[in-house]
Amino acid sequence: MKNRLKVLRAERNWSQAELADHANVSRQTINAIETGKYNPSLDLAFALAALFDLKIEDIFSPEAES
């Protein structure tokens with residue numbers, strides 16, 4: 001799954017740790033999501049979308065099929 005989390009976080013000048021604090025997860029979780037190593041739960045995806053005042057699909061999108 002692709003995501004815009006790193007860009008959105010940078011627009012707010014938040015570190016991964018700051019975003020993690022806002023989302024009540026670890027910094028490692030944010031890093032794993034940003035690097036595509038972990039897909040967030042639906043609850044976490046909704047929480048992140050709410051933090052940025054966006055819809056989930058504005059942040060996350062499926063990988064393009066080859």
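Because the structure is predicted, anything quoted here is derived from the model rather than measured. Side chains included, hydrogens not; waters and symmetry mates left out as well; all remaining heavy atoms used.
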To the nearest 0.5 angstrom, please state how far the OG atom of Ser61 sits from the CD1 atom of Ile56. 12.5 Å
With sequence neighbours left out, which residue pairs that include part of residues 34-63 fulfil the ring-ring contact (aromatic ring centres under 6.0 Å, His included) condition? Trp14-Phe52
Between Arg9 and Ser15, which heavy-atom pair has the shortest distance, and what is it? CD-O, 3.5 Å
Check side-chain contact (heavy atoms from CB on, under 4.5 Å) between Thr35 and all other residues, then give those that pass, not counting sequence neighbours. Asn31, Lys37
If I compare all heavy atoms of Glu18 with all of Asn13, which pair ends up nearest, and what's the gap? OE1-O, 3.6 Å
Summary of side-chain hydrogen bond (donor to acceptor under 3.5 Å, both in side chains) pairs that have at least one residue in residues 39-58, sequence neighbours excluded: none
Where is the tightest heavy-atom contact between Pro62 and Lys2, given as atom of each residue plus distance? O-CE, 4.2 Å
Supply the atom-to-atom distance Arg4 CZ to Glu34 CD, rounded to the nearest 0.5 angstrom. 12.5 Å
If I compare all heavy atoms of Ile33 with all of Pro40, which pair ends up nearest, and what's the gap? CD1-CB, 3.9 Å
Measuring from Leu19:CG to Leu5:CG, what's the distance to the nearest 0.5 Å? 5.5 Å
Would you mind reporting whether Asn24 and Leu44 have side-chain heavy atoms less than 4.5 Å apart? no
Report yes if some heavy atom in the side chain of Leu8 is under 4.5 Å from a heavy atom in the side chain of Leu51; otherwise report no. no
From CD (Gln28) to CD (Gln16), nearest 0.5 Å: 9.0 Å
